[in-house]
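Single-structure report; data block below.
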Number of protein chains: 2
Amino acid sequence: MLSGQGRLVAMSPRIAESSRPVYQQLADLLRVKITTGELAPGAQVPTEKALSEEFGASRATVRQGLMVLVNEGLIVSSRPQGYFVRRHELSYFRPQSEWDQPASPEMDRWMTEQTTLGRAPSQRINVEMIQPPDRVMDRLALSAGDLVVVRRRVRFLNNEPFNINDTFYPFGLVQGSEIVNPADITRGASEVLTELGYEQVRAIDEVEARMPLPDEVSRLELGPGTPVAVHRHTGYTKDDKPVRHTVNVLVGSKYVILFERTKPAGTGSE
Amino acid sequence: MLSGQGRLVAMSPRIAESSRPVYQQLADLLRVKITTGELAPGAQVPTEKALSEEFGASRATVRQGLMVLVNEGLIVSSRPQGYFVRRHELSYFRPQSEWDQPASPEMDRWMTEQTTLGRAPSQRINVEMIQPPDRVMDRLALSAGDLVVVRRRVRFLNNEPFNINDTFYPFGLVQGSEIVNPADITRGASEVLTELGYEQVRAIDEVEARMPLPDEVSRLELGPGTPVAVHRHTGYTKDDKPVRHTVNVLVGSKYVILFERTKPAGTGSE
DNA sequence: CAGTGGTCTAGACCACTCG
DNA sequence: GAGTGGTCTAGACCACTGT
């Protein structure tokens, strides 16, 4: 139960003390209770009916207020049990892991948190040969008509999908190699590229936050109010030739992307 | 106008061809038109009334469908003109710029796009001395009761806020220095830290996507369906002492965070 | 079966801008 | 003033889950 403050001030009629709409006031109230912990993660939010009676608003108005919180990612509805405060358990995602082990004690500590949880990782891989989307064509410095090999992966942790990972390779580079085989490459695709004579020594990473596309919603089993982090990684050889482009789509509410960087030697502090 | 397919199949009555709810079907239809470009960025979406008549659904149902798209960040409503397809213009944000100039031609090209647009940057700075939030305390390896100096900045581009940038320094390190002065430090705060004997040589970056808090909504003037990217940067000296922690909040739909990395010397490709 | 949220309707009044 | 979206009501039926 909320603590029974009585009715909220309606905006509509002539009364017009006029502040915020009722549904916003309701959302504000509940949001405060959530952020202060009065409504802890996992706790049940009062039912629509209860809120409606408590605040003297129609069920539709109460629902509108609850929808605000759903779209902010603060509560979820699990019908027909009711609404619950969402749990947020963040894990770390470390794209750099191909290159090195954690170089610092702090990094070590953070990674351990994730790996000690006894998770069961798995993945689904398939390989296609396609004409690349514009953005990929641009990053790999290809021309119209050039083909790429794409390894598409959906990664699971405890049977929950958490990551879409598509890696694109220029067709000419990987033709006939292990990379076109839809099986896990245990020693890592980087290793294979190195053997083929294309060692990556430099990379550019782009990270973007946006709302998911319907396709991503279904593949990652997302609810409303859940943004995704899109991480694009382009790897270059020492001759500045792009040899691989990876698009990672991560569930925003579940993963933090982690980078570690070292100041380039011989660079001024400007 | 939509192309007049006639009524959508309602779920509720006994008819029950039963597939998706009407409002979802409407959202799906419009979403396709948007993603295919039939409704281009900036174009007006048919009015609620028009959609209601065209599909034989009540205004409330049509609104529900439109709300889905609003919360996906695909359309915006500007009352009382109507709904419009949202424009997406992404710029690049490069946290690394303190350390070096773009090291590669690709990076140069991307940065130029951003800087040639003739924007007018500005910022508001204020400085406080506070007890750090838990997360900051943790990153700076401080103990309860330790104080930090925080420089809070809101950055504007053409008078539109695009970035909240709060940097925390352990109080002991920067006491009496220029950093506690709420003015722009043109030569960069890193430079000042170096002069104080705390040169940063290593950093850890964390990037997270989430929906904004109400505070961020107002400071960044965000609409619904707009996630933020939260970028946390912790800088260390060569003795592994954390000397600064920065929290950047960026509007997801406007900025891409860009990192450039070089393979650490002498590391195997594993 | 009772109770939950999900969907949908018909209708009302409001604030705002200038189609 | 006409038309837009924003807010709000009262009421209806549905699907689902758990006591």
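Taking only side-chain nitrogens and oxygens, Arg63(A) comes nearer than 4.0 Å to OP1 or OP2 of dG6(C).
For the pair Arg20(B) CZ and dT7(C) C1', the interatomic distance rounds to 14 Å; values are reported in whole Å. Atoms CE (Met67(B)) and P (dC8(D)) sit 13 Å apart, rounded to a whole Å. Taking atom CD of residue Gln64(A) and atom P of nucleotide dG5(D), one finds them 16 Å apart after rounding to whole Å. Distance CG (Leu26(B)) to P (dC8(C)): 10 Å, rounded to an integer number of Å. Rounded to whole Å, atom P of dT4(D) lies 9 Å from atom CD of Gln44(B). For the pair Arg59(B) CZ and dG3(D) C1', the computed distance is 11 Å after rounding to whole Å. Rounded to whole Å, atom P of dG19(C) lies 19 Å from atom NZ of Lys49(B). Ile75(A) places its CD1 atom 14 Å from the C1' atom of dT4(C), with the value rounded to the nearest Å.
In terms of the side chain to side chain contact (heavy atoms under 4.5 Å, CB included) criterion, residue partners of Pro224(A) (sequence neighbours excluded) are, by chain and number, Val70(A), Asn71(A). Scanning for side chain to side chain contact (heavy atoms under 4.5 Å, CB included) contacts around Ile130(B) gives Glu128(B), Pro133(B), Val148(B), Val150(B), Arg152(B), Phe168(B), with sequence neighbours left out. Listed by chain and number, the residues in a ring-ring contact (aromatic ring centres under 6.0 Å, His included) with His231(B) are Phe259(B) (sequence neighbours excluded). Scored by the side chain to side chain contact (heavy atoms under 4.5 Å, CB included) test, Ser78(B) finds Gln81(B), Phe84(B) as partners (sequence neighbours excluded).
Arg232(B) and Glu206(B) are not joined by a salt bridge, as no carboxylate oxygen comes within less than 4.0 angstrom of a charged side-chain nitrogen. A salt bridge links Asp28(A) with Arg20(A); the closest basic N to acidic carboxylate O contact falls under 4.0 Å.
Side chain of Tyr23(A), nearest nucleotide from dT4(C), dC8(D), dG5(D): dC8(D). Ranking dT9(D), dC13(C), dT7(C) by closeness to the Thr61(A) side chain, first place goes to dT9(D).
Map Glu48(B) and Ala60(B) each onto its nearest nucleotide of DNA chain D; the residue landing nearer the 5' end is Glu48(B).
Within residues 77-88 of chain B, the residues that place at least one heavy atom under 4.0 Å from DNA chain C are, in residue-number order, Arg79(B), Pro80(B), Gln81(B).
Residue pairs satisfying the salt bridge (charged side-chain N to carboxylate O under 4.0 Å, His left out) criterion with at least one member in residues 59-85 of chain B, sequence neighbours excluded, are listed as follows: Arg31(B)-Glu72(B), Glu48(B)-Arg59(B), Glu48(B)-Arg63(B).
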